[in-house]
Amino acid sequence: MTMTEALKRRLELVFNWYQGMVNAETGMLEYLYIPETDRFVRENCPIRDIASVWDAELLGQFLHRQELHGLITTSLRHFYGYLVERDGYSILDSSRLR
């Protein structure tokens, strides 16, 4: 197996892993794993969740896979409600996040 094939295989595993990172109550992507401690948590961490949405989207584009598209869309629509306009830009208002 070439290095390129091995890397793609690993990325496919990450993509599949993201499919299991769904909050059953909200239907949104939720980052539940803390690599520093090698444990899963049920803590609400919007910044991790947003970063996971970003990663899942880029990974799906790279792998030409669309299975997470609905999950990504649901998650982005949720966070859209936290955007405010400031100085002509839309930014995420962290004070609205828990």
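One-based numbering along the sequence shown. No experiment lies behind these values; they were computed from the predicted model shown.
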Is there a continuous path of hydrophobic side-chain contacts, each under 4.5 Å between heavy atoms, that joins [X] to [Y]?
X	Y	value
Trp17	Leu59	yes
Phe62	Trp54	no
Ile91	Phe79	no

Check the angle between the aromatic planes of His78 and Tyr82 and answer parallel, tilted or perpendicular using the 30° and 60° thresholds.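 His78 and Tyr82: perpendicular rings.
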Would you call [X] and [Y] a side-chain contact if the rule is heavy atoms closer than 4.5 Å?
X	Y	value
Ile50	Leu92	yes
Lys8	Leu63	yes
Asp93	Leu83	no

Just verifying a value: how many Å separate Leu58 CG and Leu11 CG, rounded to the nearest 0.5 Å?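 Here the rounded value is 11.5 Å.
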With rounding to the nearest 0.5 Å, note down the distance linking CE in Met21 to CG in Asp55. 11.0 Å
Going by the rule side-chain contact (heavy atoms from CB on, under 4.5 Å), which residues pair with Thr4 if we only count those two or more places apart in sequence or in a different chain? Thr2
Checking Thr26 now: which residues fulfil side-chain contact (heavy atoms from CB on, under 4.5 Å) with it, not counting sequence neighbours?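 If we apply the side-chain contact (heavy atoms from CB on, under 4.5 Å) test to Thr26, skipping adjacent residues, the hits are Asn23, Met28.
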Go through Thr74 and Arg77 one step at a time and tell me if the side-chain contact (heavy atoms from CB on, under 4.5 Å) criterion holds. CA-CA 5 Å; Thr74 298; Arg77 283 187 180 138; 5.6 Å; no
Starting from the C-alpha separation in whole Å, work towards a yes-or-no answer on side-chain contact (heavy atoms from CB on, under 4.5 Å) for Met3 and Leu7. CA-CA 6 Å; Met3 181 66 83; Leu7 178 58; 5.5 Å; no
Check Arg65 with Glu12, please: is the shortest side-chain N to carboxylate O separation under 4.0 Å?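 Salt bridge flag = yes for Arg65 with Glu12.
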Determine the minimum heavy-atom distance between Ser52 and Tyr18, stating which atoms define it. CB-CE2, 3.8 Å
Taking all non-hydrogen atoms of both residues into account, name the closest pair between Ser75 and Val53 and its distance.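 Minimum heavy-atom contact is CB-CG2, 3.5 Å.
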Positive for side-chain contact (heavy atoms from CB on, under 4.5 Å) with Glu30, one of Leu71, Val22, Asp49: Asp49
